[in-house]
Protein chains: 2
Amino acid sequence: MTTRRAITRAATVEEIKRTALTLMREQGSTDLRFADIARAMSMTAPGLYRYFSGRDELVAALVEDAFVELGDALELAVESVDGESAYERLAALCQAYRAWATADPTRFAVVFGLPVAGYVAKDERGKSEAAERAFGYLASPVLGAVAAGEPVLPGQPEVAAAFAAVCDKPPLDRLTPPQAQAMLHAWASLHGFVCLEAFGHLFGLAGPPADALFASLVRAVAGYIGLREPAA
Amino acid sequence: MTTRRAITRAATVEEIKRTALTLMREQGSTDLRFADIARAMSMTAPGLYRYFSGRDELVAALVEDAFVELGDALELAVESVDGESAYERLAALCQAYRAWATADPTRFAVVFGLPVAGYVAKDERGKSEAAERAFGYLASPVLGAVAAGEPVLPGQPEVAAAFAAVCDKPPLDRLTPPQAQAMLHAWASLHGFVCLEAFGHLFGLAGPPADALFASLVRAVAGYIGLREPAA
DNA sequence: TCGCAAGAGTTACGAGCCATAACGCAAACA
DNA sequence: TGTTTGCGTTATGGCTCGTAACTCTTGCGA
C-alpha cells in the first residue's frame with residue numbers, strides 16, 4: 001500500500017538524484033558534495049542521510065538509473081524501426097546510445113568512466129539487471145542479423161576460441177563467440193566515438209560535422225560486422 | 001646553469017608526481033589529496049605548495065607528462081617497425097596506445113576521462129605540444145598509407161565536406177578531410193576498446209582473449225580505412 | 001672561509017566537507 | 001485527539017585544503 005509518506009519520500013529521493021546530476025553537469029565533474037546538494041535543495045547535509053547512507057549509495061543509485069534510462073532509450077530506438085532490417089536497427093541503436101551519452105556527459109562518465117571518487121562498485125557491474133538489459137539491446141542487431149540469415153563478421157576462429165568462456169555469462173550468453181566478437185567490435189567503435197565526443201576530445205568537432213562523421217562510422221561498423229546497408 | 005638547488009628541486013617534483021600517480025593507482029580513482037601525497041613522502045601538506053600552487057597545477061603536470069609518455073611510446077612503436085608497411089605501423093601504434101592505457105588506467109583516465117575534480121584545462125587541450133605530438137603519431141599511418149599509394153577509406157565526400165573546417169588546426173592540419181575522417185574512425189574504434197578495457201567494462205575479458213580480440217579489432221580497423229594486411 | 005640570502009619544510013590557523021549523534025517537531029495514522 | 005513514526009535540524013569530531021608566519025638548513029657568492 002502506497003502511503004502518503006512513501007510518496008513524498010520517493011519524491012524527495014528523485015529530487016536528490018536530480019539535483020546531484022544537475023550539480024555534476026554544472027560543474028562538469030563526477031565529484032559531488034552532500035553539502036552542495038543539500039544547499040541546492042534548501043536543506044542541510046545531514047538530512048540527506050535519511051535517504052542515502054552516504055555518497056557511495058547515491059552514486060550507485062545514479063548508475064542504476066542511468067542504465068535504466070539507457071535501456072529505455074535503446075528499447076525505444078529498436079521499437080521505432082519498422083521492418084526487419086538489422087542494419088536499420090543497428091543504426092537506430094547507435095544513434096540512441098550516442099544521444100544518451102551526449103545528453104549528459106557526466107552521467108555517462110559516472111557509468112563508463114573510472115569509478116567515481118571513493119566509490120567502489122560493490123555489486124560487480126555485470127550483476128545489475130538494468131545493465132544486462134541495456135547490453136541486451138546492444139547485442140540485438142547482431143542476433144537479428146543472424147536470424148535474418150545475414151553474415152556476421154567473417155570468421156576469425158582463432159579469436160573466437162580464445163574467449164569462448166565469456167559467452168556463458170548473461171549479457172553475452174545468447175551469442176556464439178563469433179557473434180560476441182562482432183558485437184564487441186561494434187560496441188568498442190561506437191563507444192570510442194561517443195567517449196571522445198562526450199568528453200570533448202574530438203578536436204572541437206560538433207554539430208553537423210560530428211553527426212556526419214558518426215553516421216559514417218556507423219556505416220563502417222555495420223559493414224565490418226557483415227551488415228549491408230539496404231539499397232536506399 | 002644547473003645549480004644543485006635546481007637538481008634537488010626537480011627530483012622532488014618528480015617524486016611528487018610519481019607519488020601522486022602511485023596513490024591514484026592504488027586507490028583506483030583520479031581523486032588525489034595533498035595530505036596523502038605528503039604523508040607518503042614523509043612531508044606535511046603545506047610543503048607541497050612550494051612545488052605546485054594547488055591540485056590543478058599538479059593535475060596539469062600529470063596530464064602533460066602523460067602525453068609526453070604517450071608520444072614516446074608511439075614514437076618507439078613507429079621506429080620499431082622495419083620497412084614501409086603502413087599496416088604494420090598502424091598495428092604497432094595501436095598496440096602501443098593500448099599498452100600505454102592499460103599500464104596505468106588512472107593516468108589514462110586523467111587524460112581522456114572527464115576533467116578531474118575541480119580541474120579545468122586552462123590551456124585548451126589541443127594547445128599542448130605534447131598532445132599534438134602524440135596525435136601526430138596517431139595520424140602517421142594514415143599519412144603513410146597515402147604516401148605509399150594505398151587507398152584510404154573509400155570516399156564519403158558528403159561527410160568530408162561537412163568537417164573540412166577541422167583540418168586547419170594542428171593535429172589534423174596535414175590531413176585532407178577524407179584522411180582525417182579515416183584517422184578519426186580508426187582512433188575512435190581503438191580508443192573505445194581501450195576505454196572499455198582500461199575501465200573494466202569488457203565483461204571481465206582479460207589476458208590472451210582480450211589480446212586476441214584487440215588484434216582482430218586492429219585488423220578490422222585497418223581494413224575499413226583501406227589498409228591491407230600484408231600476406232604474411 | 002665565512003656570512004647571508006634564498007628556499008625548504010615546519011607548525012598554526014580558518015574555512016569547508018563528511019558523517020554521526022542527539023534533539024525537536026510535524027505529519028500521518030488509529 | 002493522542003501517539004508514533006520519521007523528517008530535518010543543530011551540535012560535534014575528524015578530515016581536507018590552502019594561507020600565513022615561522023625556523024632551519026643549504027649552498028651561493030664575496
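Reminder, nothing fancy here: chain letters follow the sequence lines and each chain counts from 1.
Nucleotide C/dA8 holds its P atom 10 Å from the CD1 atom of B/Ile16, rounded to whole Å. To the nearest angstrom, P of D/dC17 lies 15 Å from CZ of B/Phe52. When rounded to the nearest whole Å, the span between CZ of A/Arg33 and P of D/dT16 equals 16 Å. Taking atom CD on A/Glu57 and atom C1' on C/dA19, their separation rounds to 14 Å, with Å as the unit. Nucleotide C/dC18 holds its P atom 12 Å from the CG atom of A/Asp56, rounded to whole Å. Computed from coordinates, the B/Glu15 CD to C/dG9 C1' distance equals 14 Å when rounded to whole Å. Here the P atom of nucleotide C/dC29 and the CZ atom of A/Arg4 are 9 Å apart, to the nearest Å.
Salt-bridge check for B/Asp65 with B/Arg18: failed, with every basic side-chain N at 4.0 Å or more from each acidic carboxylate O. Salt-bridge annotation for B/Arg133 and B/Asp72: present, with a side-chain N of the basic residue lying under 4.0 Å from a carboxylate O of the acidic one.
When side chains are defined from C-beta on, A/Phe214 does not count as touching A/Asp211, because their heavy atoms never get closer than 4.5 Å. The shortest distance between side-chain heavy atoms of B/Arg25 and B/Asp104 falls below 4.5 Å.
If you check the side chains of B/Thr102 and B/Glu197, you find no donor sitting under 3.5 Å from an acceptor. Between the side chains of A/Glu15 and A/Thr19, no donor-acceptor pair is found at a separation under 3.5 Å.
Within residues 34-48 of chain A, the residues having any heavy atom under 4.0 Å from DNA chain C are, by residue number, A/Phe34, A/Ala35, A/Asp36, A/Arg39, A/Pro46.
Residues meeting the ring-ring contact (aromatic ring centres under 6.0 Å, His included) test with A/Tyr49, sequence neighbours left out: A/Phe34.
Residue order along DNA chain D, read from the 5' end via each residue's closest nucleotide, puts B/Ser53 first among B/Arg50 and B/Ser53. Place A/Thr8 and B/Tyr49 on DNA chain D by their nearest nucleotides, and A/Thr8 ends up nearer the 5' end.
The shortest distance between the side-chain N/O atoms of B/Arg9 and the OP1/OP2 oxygens of C/dA8 is below 4.0 Å.
Residue contacts shown for B/Tyr51 are limited to sugar-phosphate atoms, with no base heavy atom under 4.0 Å away.
Across its full length, the helix from C/dT1-D/dA30 to C/dA30-D/dT1 shows an angle of 10° between the axes of its 5 terminal pairs at either end, rounded to 10 degrees.
For an aromatic pair to be called close, the ring centres must be under 6.0 Å apart, and B/Phe108 with B/His191 satisfies this.
Side-chain N or O atoms of B/Thr44 include none that pairs as donor or acceptor with a backbone N or O of B/Pro46 at under 3.5 Å.
Nearest to the side-chain atoms of B/Arg5 among the listed nucleotides C/dA19, D/dG8, C/dA6 stands C/dA6.
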